[in-house]
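Order of the sequence lines sets the chain letters (A, B, ...), proteins ahead of strands, with each chain counted from 1. Remember, predicted model here, so these are calculated numbers, not experimental data.
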Amino acid sequence: MTRWSVVVAAAVLIALAALAVAPVPPRAGGASVLRYALTGDIFNFDPTQLADGNYIMINQLYDSLIREDQDLHPRPRLATSWEFLDNGLVLRLHLRRGVVFDSGRAFGADDVVYNIHRYQDPAVGANVRLQALSVKDVRKVDDATVDLVLDKPDPAIFDLLDFLYVVDRDGVAGIKTTPAGTGPFRLAGRVPGTSSEFAAFDRYWDKGTPALDRVDVRVVADDPALIANLTSRAVDVIQGPQPIHLQSLKQQGYRVTVETSSALFFDVLMNVTRGPFKDKRVREAISLAIDRGEFVRLFFQGIGKPAWLPAARAAHVTYPTGVDAARAKTLLAQAGYAGGFSTTMLVPAAIPGAPALGQVIQSDLAPLGVRVRLELIDLAQIRARWFGSDFEMTIHQYGRANRDPDSLLRGAVVFRPQDNITRYDSGAYAALVDRGATTMDPRARGAAYGEVAKILLDEAFTVTVAAQPRIFVTAPGVDGLTTNLEGMPILGGVHVR
Amino acid sequence: MLTPPRGAPAGAPRGPRAGGALPPVLRRLWAQPGGRLGVCLLAAMVVVAVAVRADPVKMGVGAPLETPTWTHPFGTDEFGRDILARTAEGLRISLGVSLGAVSVGGAVGAALGLLAGYWRGFADIVVSRVGDILLPYPPILVGIALTAILGPGAVGVAVAIAVVSFPLFLRVARAASLVERSREYVEAARALGADTARILGRHLFPNVLPPLLTQFAVSIAYAVILEAGLSFLGVGVQPPQASLGSLLSTARTYLEQAPAYAVFPGVFIAVLLLGLNLLSDAMRTALDPRALARGAR
Amino acid sequence: MYFASRVLQAVPTLAAAAVLLFAVTHLLPGDPALVYAGPDATPAVVAALRQSMGLSAPLPVQFVRWLALVLRGDLGKSVISGYTVTGLLGQAIGPTFELATAALLLSLLVGGALGIAGAIRGGAWLRTATAYSSLALTVPNFWTAILLILVFSVTLRWLPPSGMASLVRDPASALALLILPAVTLSFHLSGVVCRFTQGTLLEVLREEYIRTARAKGLDAARTVLRHAMPNAIIPLITVVGIEFGRLLGGVVIVEWIFAWPGIGHLIVQAIGNRDYAVIQGSLLLLTVAVLGVNLCVDMLYGLVDPRIRYS
């Protein structure tokens with residue numbers, strides 16, 4: 001037995017030694033490194049793909065032509081100045097000089113031409129393709145000047161340019177695995193599913209940016225792992241923790257950054273060709289019965305905001321004040337459903353908060369006699385059902401809502417007048433949306449969108465529920481984390497003490 | 001007057017069994033401390049599952065994420081629903097789905113295995129290969145794929161469990177059938193002109209039953225784990241229904257705020273599985289052919 | 001002829017498995033074009049993406065194309081991330097192998113030690129070992145994982161809660177990150193090993209020749225190690241071999257909970273993305289591996305036991 005004891009004792013000692021030595025990974029001496037944790041891995045390195053997972057890399061590895069600020073005013077990035085010519089039908093962009101790609105090749109007008117065409121190519125699958133199609137032609141004037149020819153004056157053109165991240169055409173073939181951009185960082189390491197490393201690009205056009213030498217991006221399993229990584233000081237920043245933790249994190253001294261510019265919203269869709277939902281009174285009743293405040297309280301801990309429409313308040317529109325179960329009951333009775341009915345609601349299981357919203361809605365509709373059965377399904381399946389309009393009710397999420405109304409109303413599958421997945425089809429609605437798209441006069445646009453808002457509230461085919469904040473939590477000593485209008489993190493200005 | 005013990009006479013080789021075989025088996029089961037404990041634990045779980053009738057889906061019966069109190073012995077969840085009620089529902093679902101699915105999968109597997117062992121030859125080869133086809137794939141993956149195809153929910157999980165249990169029962173029944181078919185009583189029956197159905201039903205089946213029963217208890221345990229695992233991953237029972245697995249999955253987010261949320265459903269799964277494992281171990285001993293042949297009490 | 005027939009039998013099984021897993025993969029509702037297309041895609045975009053991903057051809061054609069590539073050793077590329085399937089698998093095998101091996105070693109060590117101690121010492125040791133194995137065999141691995149994370153990461157802050165590091169480049173971190181997932185995964189198997197070693201040893205200790213040895217004055221430990229263990233090893237290997245399959249099943253959930261970038265994690269992620277090439281390639285690899293091992297075992301039995309060859 002003595003020999004056994006020695007072996008066991010040795011093993012225990014080794015294990016303890018490992019434990020003592022292990023925990024916090026050491027920082028490379030002197031280098032300024034930001035350790036960043038999130039729950040979803042980078043999709044691929046093509047910036048036309050605006051999947052959630054890609055947000056961490058887009059503004060680090062690439063640049064866009066301009067960047068919109070909170071008031072939607074464009075600020076120079078790869079384009080330094082611009083003017084409208086030809087009655088607003090041509091937008092001339094003056095490009096920044098001294099910009100180089102990772103490969104060392106200089107950026108120029110040819111690259112803008114190439115990229116705009118790329119965004120328009122359906123096989124590339126760019127998320128902003130529809131907006132890109134409003135550019136009828138791109139002409140190179142000289143190496144630093146480009147003309148965008150529009151088919152009609154486009155009030156939302158800068159929304160497009162804000163998303164137009166420039167890719168090196170020499171690197172397009174391998175773009176999914178190897179980024180090729182002009183951004184402040186370059187890719188220095190990659191383990192798919194686990195981690196990515198960004199290193200500062202020493203030939204970046206904005207001298208002094210980035211302040212960091214390196215960014216270590218780590219993928220963790222889930223929300224609890226995110227919190228644990230932060231509190232054990234294994235990382236400096238976490239992205240997208242669930243709101244329930246924020247109170248406690250604030251008390252522990254962490255800085256909570258909540259991006260509230262309202263790009264992202266939860267909404268509920270009802271298929272206007274199915275059963276009870278053909279009657280707009282039923283749809284309105286359901287919208288009135290959903291207790292948005294309760295959902296925001298339970299899931300967002302009060303951080304998100306209840307919402308009835310994507311935009312800020314439009315003039316001359318009467319907003320509902322809150323839950324109105326009584327009126328909902330009346331409307332249902334008027335429509336002939338005093339006894340309620342049964343229905344199924346699809347829930348995107350992968351979106352945090354969606355299952356919670358589903359259960360809140362289930363509970364809110366039950367007293368009306370509306371028995372909702374939930375179906376939690378994954379992304380691929382729910383997209384198939386959404387695009388095929390194969391649902392009665394569904395929970396959904398739309399983004400890019402804080403831009404020009406035209407970008408949202410003509411782009412989003414749930415708002416567009418043609419091929420709307422709720423199958424809502426109205427000439428009046430289409431005409432109003434078109435009106436807003438084709439005139440540059442702010443007053444005329446305001447009037448048109450006011451009418452649109454009234455229709456959205458009245459017809460209730462896409463029922464907005466709550467604005468979703470993007471949440472970042474940073475450890476003390478980390479400053480300068482900002483986001484663009486979409487909520488994508490910008491790390492170029494981050495300092496780590 | 002000494003009466004011979006019920007069942008096979010002491011020292012005689014195993015032979016066709018008349019009806020009264022069960023009671024000595026149950027007695028042997030109860031005689032083992034493991035068997036007693038197993039039965040008691042299972043009974044306790046069944047009692048909880050049946051007796052706790054509070055509404056598991058009503059929101060707001062308490063404040064969200066309350067610690068355990070007298071009114072809510074396990075506390076409340078993020079919607080203010082009573083966790084004890086939800087745990088009891090989870091037990092009901094776990095037991096219901098597992099029992100149903102294993103019964104179906106097991107019955108089909110056992111029937112096929114019985115036939116394959118009896119007929120042998122080409123039929124045996126085909127059936128065995130069919131049974132082996134699922135061998136490489138971990139049950140959890142089979143479950144993920146099936147629930148993705150059939151849609152999430154109790155039905156998809158039940159099908160997955162049935163599909164995964166089927167090969168085990170097939171193998172057990174086939175092995176037992178191969179052994180039994182060459183025994184004298186079967187040959188005797190054949191010589192007397194009994195047809196296949198009669199031989200299988202009357203003679204083979206009762207002798208194949210004991211290992212199948214043991215397999216049943218073992219498979220129920222696997223089924224509970226598989227159902228919990230699939231619900232944990234989110235493809236099992238759908239909200240607002242609760243499964244022990246989905247409760248554990250949701251509870252992870254609230255580990256700091258409400259640790260009881262994770263602890264209690266986990267304890268219940270453990271107790272349920274412990275009871276099943278103890279029971280199946282005891283059954284294996286009680287149904288041990290050597291013990292039965294000795295006519296042991 | 002036994003050997004030839006076993007190999008021949010494997011071929012249709014493999015073919016059937018290939019058809020089955022291709023069919024199951026394509027039965028999953030949705031497709032990678034939908035995942036890739038983005039939330040506001042138009043039907044034109046989805047169609048163009050499908051075309052570029054080769055999904056517009058009829059299924060049998062797609063199957064033949066895939067099979068042809070596979071027979072040439074090309075498992076294709078992920079349509080989502082662009083990496084080759086062989087590359088992704090190569091990267092994922094290492095972590096899974098590392099985790100499984102660590103779990104195996106841990107379970108043999110812990111389970112073996114407890115089982116031996118229980119059998120030899122009896123009394124309290126026996127009760128501890130029995131209780132341990134009962135617990136280990138019943139607790140589902142995701143609950144073990146939650147408890148371990150709760151205790152060692154959240155409360156004590158001794159160990160990081162998830163992730164993986166390279167053993168070669170950063171051994172200290174790698175070890176710390178390996179502990180929780182390996183312990184979780186090994187728990188069940190350690191219960192099996194404990195149960196088995198204990199049971200076998202107890203039986204052996206009752207045997208005549210052992211009692212003779214004891215009567216001759218040899219102490220229990222030496223008796224066990226010299227006489228009992230060698231006989232117990234082969235059946236132990238068989239049991240562990242059978243249970244290893246279950247271990248691989250447990251790998252899926254454990255890798256998911258701990259964000260361990262192994263094969264299980266790869267497959268689950270690929271299923272979510274409907275990344276057909278990755279799903280099919282991984283499942284094919286799994287099938288070939290298991291069938292290959294089965295074939296080897298069958299061959300081994302045939303070599304060792306002539307009766308099987310001639311049955």
Query raised in the report: When only pairs under 4.5 Å are counted, which of C:Ala48, C:Gly38, C:Gly30 shares the most heavy-atom pairs with chain A?
Result: C:Gly38

Report task. Determine the option with the most heavy-atom pairs under 4.5 angstrom with chain C, choosing from A:Ile421, A:Thr231, A:Asp378. Result -> A:Thr231

Requested in this report: Could you tell me whether A:Gln252 atom CD has more than 12 heavy atoms of other residues or ligands within 6.0 Å of it?
Outcome: yes

Query - OG1 on A:Thr194 to NE2 on C:His265, rounded to 0.5 Å - result: 7.5 Å

Report task. Measure distances from A:Gln381 to the heavy atoms of chain C and classify the residue's part below 4.5 Å as side chain, backbone, both or neither. Result -> both

Requested in this report: Measure the OH-CG distance between C:Tyr83 and A:Asn44 for me, rounded to the nearest 0.5 Å.
Outcome: 9.0 Å

Requested in this report: Counting only heavy atoms closer than 4.5 Å, note whether A:Arg385 contacts chain C via side chain, backbone, both or neither.
Outcome: neither

Query - Result of checking A:Val413, A:Leu50, A:Asn127 against C:Pro39 for side-chain contact (heavy atoms from CB on, under 4.5 Å) - result: A:Asn127

**Report entry** Heavy-atom contact with chain C under 4.5 Å, split by part of A:Tyr398
**Finding:** neither

Report task. Could you tell me the separation between the CG atom of A:Asp46 and the CD1 atom of C:Ile80, rounded to the nearest 0.5 Å? Result -> 12.0 Å

**Report entry** A:Lys176, NZ: over 12 other non-hydrogen atoms inside 6.0 angstrom
**Finding:** yes

Query raised in the report: Given a strict heavy-atom distance threshold of 4.5 Å, which part of C:Leu88 is in contact with chain A: side chain, backbone, both, or neither?
Result: side chain

Requested in this report: Using non-hydrogen atoms and a 4.5 Å limit, figure out which bit of A:Val219 sits close to chain C: side chain, backbone, both or neither.
Outcome: backbone

Report task. State, to 0.1 Å, how close C:Gln91 and A:Arg190 come at their nearest heavy-atom pair, and which atoms those are. Result -> NE2-O, 4.4 Å

Report task. Taking all non-hydrogen atoms of both residues into account, name the closest pair between C:Ala41 and A:Arg416 and its distance. Result -> O-NH2, 3.6 Å

Requested in this report: Taking the side chain as every heavy atom from C-beta outward, state whether A:Trp386 and C:Leu34 have any atom pair closer than 4.5 Å.
Outcome: no

**Report entry** Close side-chain approach of C:Asp40 to A:Gln131, heavy-atom, < 4.5 Å
**Finding:** no

Requested in this report: For chain C, find which of A:Ala228, A:Ala225, A:Pro192 contributes the most heavy-atom pairs closer than 4.5 angstrom.
Outcome: A:Pro192

Report task. Can you measure from CZ (A:Phe387) to OG1 (C:Thr42) and round to the nearest 0.5 angstrom? Result -> 8.5 Å

Requested in this report: Tell me, out of A:Pro122, A:Ala384, A:Ala51, who's got the most heavy-atom pairs with chain C below 4.5 Å.
Outcome: A:Pro122

Query - Proximity breakdown for A:Val128 and chain C, heavy-atom pairs closer than 4.5 Å - result: neither

